[in-house]
Undergrad: 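Take this structure first; my questions come after.
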Amino acid sequence: MDTYLMITTNNYVWKRHQTSTCHMNYEDFSLPYLYIQILTFQENYVSHLKLPCLKTLYTDIRSLTEAKRCAFQQINTLLQSNGRQLHEFDILPNDLSYADLEDDTREVATEKSIIVSEKDQRAMQNLNKKQKLTLDTIIRKVESNNGGAFFIDGPGGIGKTFLYRALLAYIRLKGQIALAAAISGIATLLLPRGRTTHSRFKIPLDLTDRSNCRISKQSSLGILIKTCTILIWDEAPMEKKRQAIEALDDLLQDLMESTKIFGGKVVVLGGDFWQTLPVVRNGSKHDIITACITN
Ligand SMILES: Nc1ncnc2c1ncn2[C@@H]1O[C@H](COP(=O)(O)OP(=O)(O)OP(=O)(O)O)[C@@H](O)[C@H]1O
């Protein structure tokens with residue numbers, strides 16, 4: 001199970017909130033999100049939040065202080081995305097200061113504040129033999145700190161996404177950063193906090209042989225990518241080998257200042273060549289096969 005500080009208000013606020021908010025999906029329904037909803041939209045109830053009942057569910061992974069810091073950092077990040085600031089509300093516990101919440105860049109804080117759903121936590125226990133073997137192999141690589149590249153291949157429905165979700169959950173529950181991306185927006189919806197490769201790695205939409213991912217080392221995104229433990233890229237066969245996968249390799253080598261493959265990061269590429277071949281505009285069969293990662 002996860003280690004998070006869950007912040008509960010009194011039942012009255014909770015009940016009012018449940019009946020007044022109609023559109024919340026499962027992951028949004030975590031208590032930090034509830035907190036934000038009340039702060040942002042129901043300021044009348046903020047007084048109830050000043051005496052919150054703080055309840056730690058699990059502390060085997062993070063200390064209580066760290067769990068509390070993470071919870072308020074997440075609240076701060078969510079408030080900022082709603083155009084508000086935490087210091088507008090007098091709710092920070094006495095043992096935390098605003099400086100404690102600003103250690104990380106906003107991108108890093110957002111990733112660290114991801115709440116792993118119970119379903120994904122259960123996925124780790126329910127992996128089949130092959131999925132477990134793959135997960136264990138990847139985790140060994142992560143723990144060796146030597147980096148490595150994997151390709152998860154398999155026909156549709158074999159359980160690739162299920163494996164990615166378990167892997168993302170494993171890394172995120174350890175308080176580390178796992179980035180998930182896919183070329184299409186639809187595929188990113190299947191990965192918790194998945195982003196398109198264009199958005200996450202700045203892979204240009206109009207790819208050429210000279211395309212580069214323009215992310216500087218000092219930028220918030222550059223720091224996030226440097227900080228992350230693992231990168232998962234679904235639907236990788238849809239990308240053209242040189243222009244996309246090699247551009248990511250160049251980017252990681254540059255950010256990590258290392259000539260190792262993918263700059264020494266663990267990168268998991270996945271997909272199914274039977275479902276998704278590279279898209280080559282007006283390309284012949286030969287052009288498409290040449291653009292494949294395998295060539
Ligand atoms: N170990 C497992 N235990 C229970 N259900 C599983 C397991 N592995 C996969 N599934 C279920 O099987 C279905 C197909 O799995 P999944 O979506 O991960 O396949 P996929 O290989 O990613 O398919 P596609 O390539 O079409 O996206 C899903 O409903 C998933 O929840």
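We count ligands from 1, going down the list as the structure has it; atoms in each ligand are counted the same way. Numbering starts at 1 and runs along the sequence shown.
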Undergrad: Between Asp136 and Arg140, is there a side-chain N and carboxylate O pair less than 4.0 Å apart?
TA: no
Undergrad: Mark up the atoms of ligand 1 that fall under 4.0 Å of a heavy atom belonging to Gly156, in ascending order.
TA: 23 (O), 24 (P), 25 (O), 26 (O)
Undergrad: Geometry only, no angles: is Phe162 polar-contacting ligand 1 at N/O separations under 3.5 Å?
TA: yes
Undergrad: Report the residues that fulfil side-chain hydrogen bond (donor to acceptor under 3.5 Å, both in side chains) with Lys130, sequence neighbours left out, ordered by chain and then residue number.
TA: none
Undergrad: Would you mind reporting whether Ile171 and Ile177 have side-chain heavy atoms less than 4.5 Å apart?
TA: no
Undergrad: Just which atoms of ligand 1 are under 4.0 Å from any heavy atom in Asn128?
TA: 1 (N)
Undergrad: Please determine whether a side-chain nitrogen of the Lys or Arg among Glu118 and Arg165 lies less than 4.0 Å from a carboxylate oxygen of the Asp or Glu.
TA: no
Undergrad: Enumerate the atoms of ligand 1 whose separation from the nearest heavy atom of Asn126 is less than 4.0 angstrom.
TA: 1 (N), 2 (C), 3 (N)
Undergrad: Between Ala166, Pro155, Gly159, Gly270, which one has a non-hydrogen atom sitting closest to atom 15 (O) of ligand 1?
TA: Gly159
Undergrad: Should Gly154 be listed as contacting ligand 1, given a heavy-atom distance under 4.0 Å as the test?
TA: no
Undergrad: Give me each pair satisfying salt bridge (Lys or Arg N to Asp or Glu O under 4.0 Å) with a member in residues 257-267, each pair once, sequence neighbours excluded.
TA: Lys217-Glu257
